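On a predicted model such as this, the values are computed, not experimentally measured, just so you know. We count residues from 1, following the sequence as given.
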Amino acid sequence: MRSTSILGIILMTLPLPLPAREPISTDRPDFVESSLVVGDGMTQVETSVACERAEAGSHLWNTPTLLRMGINDALELRLETEGVVSAQDGASPAFAEADVADVSLGVKWHHQDGGKTGSWRPSSAWLLHVDLPTGGSPYRSEHATPSLRWVAEWQLAEGWSIGVMPGLAWTDDGGRGRTAKGIFGLAVGREITSNLRGFAELAVPEIARNDDGGTVASLNTGLAWRLGPDTQLDAAIGLGLNGNSPESAVTIGLSHRFR
């Protein structure tokens with residue numbers, strides 16, 4: 001009896017194993033966001049280095065970073081920024097301007113789980129963000145810019161998936177009042193192995209008339225490699241589709257989830 005009691009006390013003092021979690025799901029490197037949230041009590045950092053090249057030969061370097069904090073299993077808070085931004089003139093090897101970018105605050109609400117593989121029922125979420133004029137003078141916007149996006153994902157057979165993300169952003173253009181600009185993304189993904197996925201997408205972060213800056217669009221492709229259940233490396237490249245868009249872009253990123 002005594003030995004049994006001692007064994008019971010020892011077992012009671014041992015730490016309980018953490019419940020199994022789904023592998024990390026990130027909003028990068030593709031433009032189309034994930035419909036999933038990080039989970040109750042979880043925090044996830046997604047950061048990277050990115051470079052865009054314009055037709056004139058100039059380069060724009062930045063460090064896009066997203067902080068995601070889980071409120072519950074359906075809601076997360078988000079803080080996003082392009083980080084440190086450096087513009088390099090094509091005629092000079094020196095950086096012309098370097099400063100910090102604006103900060104965006106937001107929430108993601110995962111309001112629907114997807115159906116079984118091949119189902120028409122998507123996994124979906126709403127994202128509400130407000131870009132705040134908090135950056136350094138070269139890159140600070142004049143007004144706060146709210147945006148609303150809806151993302152839906154379908155899991156198909158043999159590891160294929162499709163994601164779509166329409167949305168709207170409201171900008172203030174030089175005293176003419178609020179102007180709505182469209183947002184659209186369409187991504188096709190494939191699980192190559194259990195830890196490696198690839199994607200190709202059409203990314204249109206701005207749909208606008210020429211008087212309002214014109215439409216920005218690109219074709220992107222990339223890979224994401226899970227190093228473990230909570231860590232991911234990724235890389236992507238993009239090609240601009242018109243004169244308003246960067247001629248090309250490349251990014252390399254690291255994401256990690258922790259409690």
Side-chain angles (χ1 to χ4, degrees), residues 19-40 42 44 46 48 64 66 68 70 73-76 78 106-129 147-168 182-205 207 217-241 249-257:
R21 299 197 300 269
E22 291 294 323
I24 185 172
S25 174
T26 65
D27 283 348
R28 57 164 299 108
D30 36 351
F31 172 71
V32 176
E33 310 277 22
S34 166
S35 63
L36 303 179
V37 294
V38 294
D40 187 16
M42 305 300 293
Q44 189 163 303
E46 304 177 15
S48 62
L66 171 63
R68 304 168 61 186
D73 288 333
L75 190 69
E76 71 179 29
R78 300 160 63 86
V107 295
K108 180 195 281 190
W109 172 42
H110 173 78
H111 71 94
Q112 178 175 277
D113 292 330
K116 296 181 179 180
T117 299
S119 169
W120 287 103
R121 177 186 174 92
S123 172
S124 57
W126 289 94
L127 294 97
L128 175 64
H129 275 233
S147 64
L148 179 65
R149 290 166 288 167
W150 179 70
V151 59
E153 294 179 301
W154 290 266
Q155 298 299 321
L156 308 178
E158 299 182 358
W160 289 93
S161 63
I162 294 177
V164 63
M165 187 179 70
L168 286 173
I183 300 169
F184 182 75
L186 174 64
V188 177
R190 173 73 191 277
E191 294 287 338
I192 301 171
T193 71
S194 60
N195 292 318
L196 181 68
R197 71 176 178 92
F199 75 92
E201 70 176 355
L202 170 65
V204 193
I207 304 172
S218 65
L219 288 176
N220 307 327
T221 186
L223 294 169
W225 177 33
R226 282 196 298 265
L227 302 180
D230 297 311
T231 306
Q232 175 184 286
L233 287 175
D234 62 66
I237 59 174
L239 295 176
L241 295 179
V250 61
T251 182
I252 298 175
L254 172 67
S255 304
H256 184 69
R257 178 180 65 182

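Glu46 contributes a side-chain N or O that, together with a main-chain N or O of Asp27, makes up a donor-acceptor pair within less than 3.5 Å. Under the 3.5 Å distance criterion, the side-chain polar atoms of His256 are matched with a main-chain donor or acceptor of Asp230. Checking side-chain atoms of Arg257 against main-chain N and O of Pro229 turns up a donor-acceptor pair under 3.5 Å. A donor-acceptor pair under 3.5 Å is absent between the side-chain atoms of Ser218 and the main chain of Gly238, judged by distance alone.
Residues Arg28 and Leu66 form no side-chain contact, since every pair of their non-hydrogen atoms from C-beta on lies 4.5 Å or further apart. Using a 4.5 Å heavy-atom threshold, the side chains of Leu254 and Thr231 count as touching. Side-chain atoms of Leu241 and Leu219, non-hydrogen and from C-beta on, do get closer than 4.5 Å to each other. A 4.5 Å side-chain heavy-atom check between Leu223 and Arg197 finds every atom pair outside the cut-off.
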Stepwise side chain to side chain contact (heavy atoms under 4.5 Å, CB included) test for Ile237 and Thr221:
CA-CA 6 Å; Ile237 59 174; Thr221 186; 3.8 Å; yes

side-chain hydrogen bond (donor to acceptor under 3.5 Å, both in side chains) between Ser25 and Ser34: does it pass, once the steps are laid out?
CA-CA 7 Å; Ser25 174; Ser34 166; 3.1 Å; yes

Gln112 vs Trp126, side chain to side chain contact (heavy atoms under 4.5 Å, CB included): CA-CA, chis, key distance, verdict
CA-CA 10 Å; Gln112 178 175 277; Trp126 289 94; over 6 Å; no

What do the steps show when you test Ile24 against Gln44 for side chain to side chain contact (heavy atoms under 4.5 Å, CB included), and what is the final call?
CA-CA 9 Å; Ile24 185 172; Gln44 189 163 303; 3.5 Å; yes

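Leu233 CG: more than 12 foreign heavy atoms inside a 6.0 Å radius.
For the pair Val37 and Asp73, the tightest heavy-atom approach, listed with the atom from each and the gap, is CG2-O, 3.5 Å. Between Leu36 and Arg68, the shortest heavy-atom contact is O-NH2, 3.0 Å. The two residues Gly253 and Ser48 have their closest heavy-atom pair at CA-CB, 3.6 Å. Closest approach of Glu76 and Val38 over heavy atoms only: OE1-N, 3.0 Å. Closest approach of Ala203 and Asn220 over heavy atoms only: CB-ND2, 3.5 Å. When all heavy atoms of Lys108 and Ala125 are compared, the closest pair comes out as CG-CB, 4.1 Å.
Not counting sequence neighbours, the partners of Ala74 by the side chain to side chain contact (heavy atoms under 4.5 Å, CB included) test are Asn72, Trp109.
Atom OG1 of Thr193 sits about 9.5 Å away from atom CH2 of Trp225, to the nearest 0.5 Å. A distance of 8.5 Å separates CG of Leu127 from CG of Leu148, quoted to the nearest 0.5 Å. For the atom pair Phe184 CZ and Arg149 CZ, the distance stands at 14.0 Å (nearest 0.5 Å). Note that CD1 of Ile192 is 7.5 Å distant from CZ of Arg190, once rounded to the nearest 0.5 Å. Atom OG of Ser124 and atom NE2 of His110 lie 7.0 Å apart (nearest 0.5 Å). A distance of 11.5 Å separates CZ in Phe31 from CG in Leu186, rounded to the nearest 0.5 Å.
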Show which side-chain atoms of residues 152-166 pair as donor or acceptor with protein atoms under 3.5 Å away, not counting sequence neighbours.
residue, atom, partner, partner atom, Å
Glu153, OE1, Ser35, N, 3.0
Glu153, OE1, Ser35, OG, 2.6
Trp154, NE1, Trp120, O, 2.9

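With respect to Arg78 and Glu33, a salt bridge is recorded, a charged nitrogen being found less than 4.0 Å from a carboxylate O.
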